[in-house]
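Below you'll find the structure I mean.
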Amino acid sequence: MQVPQTGSSSCALSVVIPVYNEEAGLDALVARVTAATAAIFADRYELILINDGSKDRSWAKIRAHAERDPRIVAIDLARNHGHQLALTAGLHHVRGELVFVLDADLQDPPELLGPMLAKLSEGHDVVYGQRIKRHGETAFKRGSAALFYRMLGKLVDTHIPPDTGDFRLMTRRVVEQLNAMPERYRFIRGLVSFVGFSQVPFPYERDARFAGETNYPLRKMVALAIDAVTSFSVVPLRFASHLGMLFGLAGLVSLAGIVWVWMQGGTVQGWASLAALILIMGSVQLLVLGVFGEYLGRMYMEAKHRPLFIIAEVRRHPVAGIAAVPDDPAQSIAGSTGEAIRVAG
Ligand code: UDP
Ligand code: MG
């Protein structure tokens with residue numbers, strides 16, 4: 001296997017994994033990722049584990065791993081930020097020439113690093129995992145995911161490939177572009193597509209969760225879907241004018257009908273239908289207002305320019321170099337900068 005050689009950096013690969021309540025599977029995760037990565041990169045890689053405000057003992061475990069293995073970088077967020085922002089925090093700390101992103105639950109097999117790397121070295125910038133099979137996921141999850149990607153394809157100009165997650169291998173220049181995007185509502189797989197360069201799929205079978213249970217209940221999936229649509233499309237804002245035209249047309253047609261009946265000497269009955277129509281129109285107007293409100297609220301939140309994530313602590317082995325990028329506007333480090341960055345050793 002050809003490992004990318006770089007003159008300036010001794011870190012060829014950064015593996016980035018967000019972790020939320022993954023205590024049960026964490027040891028297996030570290031073991032499998034370390035085996036798969038060290039086989040190719042020896043010690044020229046780093047494994048960045050981001051604790052996203054877990055309520056279980058995930059952080060204690062991550063810290064212990066970082067103390068034992070200098071290649072492991074432990075990042076603790078000040079609270080739960082959600083998967084996409086936790087991943088963002090990790091991406092802001094990468095030092096490798098290549099970046100490999102996967103989930104903590106071993107649904108994305110780390111052993112695919114080799115074949116994905118081979119694909120990348122054909123001259124691409126992104127090799128993204130595309131799920132051809134999902135083990136251990138409910139029919140509802142599979143069905144809703146399929147529907148979501150179909151809808152997204154219709155609404156969005158950027159081509160976001162279907163059936164992908166955040167499992168991907170990227171070059172550093174892609175990650176630098178991602179890190180330069182200041183937006184708060186992040187649908188990272190969409191942002192990666194937006195960056196461009198050469199991106200190719202890597203079909204794989206998604207395993208069942210190794211341990212624990214999904215942290216993406218329906219509520220979070222719907223939130224992610226709304227983030228995806230609103231981040232990449234303003235088409236829903238145009239629904240208002242389309243609906244307006246449609247109802248206007250319907251009104252004209254029914255008016256013509258009423259006039260026609262009146263000219264024949266009759267009258268059109270139907271106060272009940274009128275009441276129903278008023279209710280329908282009222283609901284349509286409120287729905288459209290809701291869509292406007294969704295975009296307006298997002299503009300409001302973005303306009304605040306709050307940091308995307310708050311870091312409580314970064315633990316990086318001294319020989320592995322600096323601890324963090326303190327003046328990065330995307331992040332805030334709790335307490336005074338020097339105090340918060342502790343270096344394991
Ligand atoms: N995750 C996170 N913060 C959260 C929820 C999830 O960092 O608030 C992590 C989680 O530990 C895992 C990844 O995001 O590494 C994907 O979550 P999960 O496996 O629960 O999602 P699913 O695979 O069921 O869609
Ligand atoms: Mg999962």
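Numbering of ligands and ligand atoms starts at 1, following listing order.
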Gln84 and Asp166 side chains, donor-acceptor separation under 3.5 Å: yes
Record the part of Lys220 in heavy-atom contact with ligand 1 below 4.0 Å; permitted values are side chain, backbone, both and neither. side chain
Who's the nearest protein heavy-atom neighbour of atom 25 (O) of ligand 1, and how far? Lys141 NZ, 3.1 Å
Starting from atom 1 (N) of ligand 1, locate the nearest protein heavy atom and write down its residue, its atom name and how far away it is, to 0.1 Å. Tyr20 CB, 3.6 Å
protein heavy-atom neighbour closest to atom 20 (O) of ligand 1 works out as Asn215 N, 2.5 Å
Look at Arg95 together with Glu46 and state whether they make a salt bridge at an N to O cut-off of under 4.0 Å. yes
The one among Asp103, Val19, Asn80 that brings a heavy atom closest to atom 13 (C) of ligand 1: Asp103
2.8 Å cut-off met by an N, O or S atom of Asp103 to the Mg ion (ligand 2): no
Rounded to 10 degrees, the angle OE1 of Gln107 makes with OD2 of Asp105 at the Mg ion (ligand 2): 100°
Is the distance between the ring centroids of Phe167 and Phe202 under 6.0 Å? no
Identify whether the distance between the nearest side-chain nitrogen and carboxylate oxygen of Asp56 and Lys61 falls below 4.0 Å. no
re atom 19 (O) of ligand 1, the protein heavy-atom contact at minimum distance is Asp105 OD2, 2.6 Å
Are the charged groups of Glu313 and Arg63 less than 4.0 angstrom apart, N to O? no
Under a 3.5 Å threshold, yes or no: a donor from one side chain and an acceptor from the other, between Asp125 and Thr171? yes
When distances are taken from atom 17 (O) of ligand 1, the protein heavy atom at minimum range is Tyr216 CD1, 3.8 Å
Of all protein heavy atoms, the one nearest atom 9 (C) of ligand 1 is Pro18 O, 3.8 Å
Between Ala86 and ligand 1, is there a nitrogen or oxygen pair with a distance under 3.5 Å? no
Side chain, backbone, both or neither: which applies to Asp52 and ligand 1 if a contact is any heavy-atom pair less than 4.0 Å apart? side chain
Does the distance from a Lys or Arg side-chain N to an Asp or Glu carboxylate O, for Glu302 and Lys304, drop under 4.0 Å? no
Identify, for atom 18 (P) of ligand 1, the protein heavy atom at the shortest distance, and state residue, atom and that distance. Arg209 NH2, 3.5 Å
What's the separation between atom CG in Asp52 and atom CD in Glu22, rounded to the nearest 0.5 Å? 10.5 Å
Can Arg32 and Glu111 be counted as an ion pair, charged N to O under 4.0 angstrom? yes
If you scan protein heavy atoms around atom 23 (O) of ligand 1, the nearest is Gln107 OE1, 2.6 Å
Note: Gln84, heavy atoms under 4.0 Å from ligand 1, region reported as neither
Mark up the atoms of ligand 1 that fall under 4.0 Å of a heavy atom belonging to Arg206, in ascending order. 23 (O)
Quick one: look at Glu22 and ligand 1, take heavy-atom pairs under 4.0 Å, and tell me if it's side chain, backbone, both or neither. side chain
Can you sort out which atoms of ligand 1 are near Ala104, meaning under 4.0 Å from one of its heavy atoms? 12 (C), 15 (O)
Pair Gln107, Arg206: side-chain N/O donor-acceptor within cut-off below 3.5 Å: yes
Decide, yes or no, whether a salt bridge links Arg71 with Asp43 under the criterion of side-chain N to carboxylate O below 4.0 Å. no
